[in-house]
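This report concerns only the one structure given below.
When a residue number appears, it is its place in the shown sequence, counting from 1.
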Amino acid sequence: MEKNSVLDDVDRALVHALQIDGRASFRRIAEVVGASEHTIARRYRRLRSEGLLRVVGMLDGTRFGQTSWGVRLLCTPDAAGPVAEALARREDTVWVRLLSGGTEIACGVRAGGEGDDLLLKKLPRTPRVVSMSAHATLHMFAGWRSRAPVLTDEQAACLRPDHTDECEIALSGEDRALLRVLARDGRAGFGELAAAAGCSQTTARRRLEQLRGGGALRFDVEIPAQALGYHAEAWLWMKVEPRALTAVGAAMAGHGEADMVAATTGPTNLMAAVTCRDTRALYRYLTERVATLDGVREVETAPVIRTLKRAGALLF
């Protein structure tokens with residue numbers, strides 16, 4: 001995958017628009033950003049064909065009894081790569097990263113069904129996995145966020161989709177077929193969705209709108225940080241005094257460098273993914289912003305060597 005391309009203003013506007021509504025029409029995006037529909041469609045196809053941009057549909061597993069876990073694995077040097085690739089191919093992993101010189105893996109796992117089999121049975125017995133720790137997500141302070149915020153608040157409001165109140169949703173076989181397609185391509189057409197689910201296009205459209213409007217389905221944009229000019233990614237595991245956990249989590253959620261911040265179970269109680277322009281900026285962030293937060297007792301930092309899966313999409 002080519003990750004060294006530089007996005008221009010139109011590319012960034014397109015990326016930001018899709019981060020607001022991953023299924024917004026090219027016509028609607030063009031109207032908002034002030035470009036032609038042809039230009040927006042051509043830019044999208046180019047970025048997608050180069051592997052720089054992908055929209056993926058993500059099911060909110062917590063609505064269906066699943067728990068989100070952050071799993072750390074320490075492997076022998078010759079095993080980390082193959083184990084990480086095997087994990088990335090599984091449907092129950094959401095993100096997979098190779099860390100710390102290529103001997104450590106961090107991955108997100110949905111448990112509650114097949115995820116329990118991976119988490120509790122297979123991973124601990126995997127050959128050449130030296131150690132494993134699992135951290136259940138208790139509270140999300142910040143989720144994955146945009147690093148291409150170029151649209152104005154007014155433009156963003158024009159693109160933001162309407163959502164109804166959350167409601168009880170039971171997944172059918174047709175729904176699961178739709179979701180499998182959307183996990184590969186969040187902008188798949190209704191013809192493709194209908195063919196996969198064995199239903200009419202009208203039914204596919206209605207069910208997608210129901211899942212999305214009820215909060216069970218969301219769309220994320222997969223784009224490498226390097227394409228936006230960021231070259232230092234790291235995973236942080238932090239020990240924070242319980243009295244300060246909420247304050248520290250909320251403070252970090254307000255940091256532009258923090259992509260994800262979550263309170264967790266386990267030997268550490270706060271997990272964060274951060275992205276900076278370069279290693280010097282990462283150093284300044286850790287020493288000048290994180291270190292000054294009251295209640296932070298320990299911070300373990302692991303640089304991201306390679307991302308194999310992000311937002312549910314394979315990157316290799």
Would you find a donor on one side and an acceptor on the other, under 3.5 Å apart, between the side chain of [X] and the backbone of [Y]?
X    : Y    : answer
E298 : M238 : no
E209 : R206 : no
H139 : A263 : no
K309 : A88  : yes
R28  : C158 : yes
T264 : T268 : yes
S100 : T103 : no
R23  : G186 : yes
H231 : D278 : no
R97  : R306 : no

Could you go through the salt bridge (charged side-chain N to carboxylate O under 4.0 Å, His left out) check for K239 and E300 one step at a time? CA-CA 9 Å; K239 289 184 179 180; E300 183 180 354; over 6 Å; no
Step through the shown structure and confirm whether more than 12 heavy atoms of other residues, nucleotides or ligands are within 6.0 Å of [atom1] on [X].
X    : atom1 : value
R280 : CZ    : no
D8   : CG    : yes
R297 : CZ    : yes

Is there a side chain to side chain contact (heavy atoms under 4.5 Å, CB included) between V261 and H255 once you walk through the steps? CA-CA 10 Å; V261 183; H255 294 172; over 6 Å; no
Interatomic distance, [X] atom [atom1] to [Y] atom [atom2] [nearest 0.5 angstrom]:
X    : Y    : atom1 : atom2 : value
I305 : I105 : CD1   : CD1   : 12.5 Å
E222 : L18  : CD    : CG    : 13.0 Å
L171 : L59  : CG    : CG    : 5.5 Å
F190 : L178 : CZ    : CG    : 9.5 Å

Are [Y] and [X] connected into the same hydrophobic cluster when the rule is that any two of I, L, V, M, F, W, Y join if their side-chain heavy atoms are below 4.5 Å apart?
X    : Y    : answer
V10  : I20  : yes
Y283 : V290 : no
L138 : V296 : no
L308 : V129 : yes

Run the salt bridge (charged side-chain N to carboxylate O under 4.0 Å, His left out) test on R27 and E31 for me, step by step, so that the C-alpha distance in whole Å, both residues' side-chain angles and the decisive distance to 0.1 Å come before the verdict. CA-CA 6 Å; R27 177 179 297 180; E31 291 173 350; 5.4 Å; no
For the pair D78 and R128, evaluate salt bridge (charged side-chain N to carboxylate O under 4.0 Å, His left out) and give the outcome as yes or no after the intermediate values. CA-CA 9 Å; D78 61 329; R128 293 177 292 179; 2.8 Å; yes
Passes salt bridge (charged side-chain N to carboxylate O under 4.0 Å, His left out), D220 versus R54? Steps please. CA-CA 8 Å; D220 283 345; R54 178 161 38 178; over 6 Å; no
In plain terms, say whether D21 and R160 are close enough for a salt bridge, that is, a side-chain N and a carboxylate O under 4.0 Å apart. no
Identify the two heavy atoms, one from [X] and one from [Y], that lie closest to each other, and give their separation to 0.1 Å.
X    : Y    : answer
G81  : L98  : N-CD1, 4.5 Å
G295 : R243 : CA-NH2, 4.3 Å
L182 : F219 : CD2-CE2, 4.2 Å

Compute whether any side-chain donor of one residue and acceptor of the other, for S133 and H135, lie under 3.5 angstrom apart. yes
Answer yes or no for R43 and F26: cation-pi contact, defined as NZ/CZ to six-membered ring centre under 6.0 Å and angle to ring axis within 45°. no
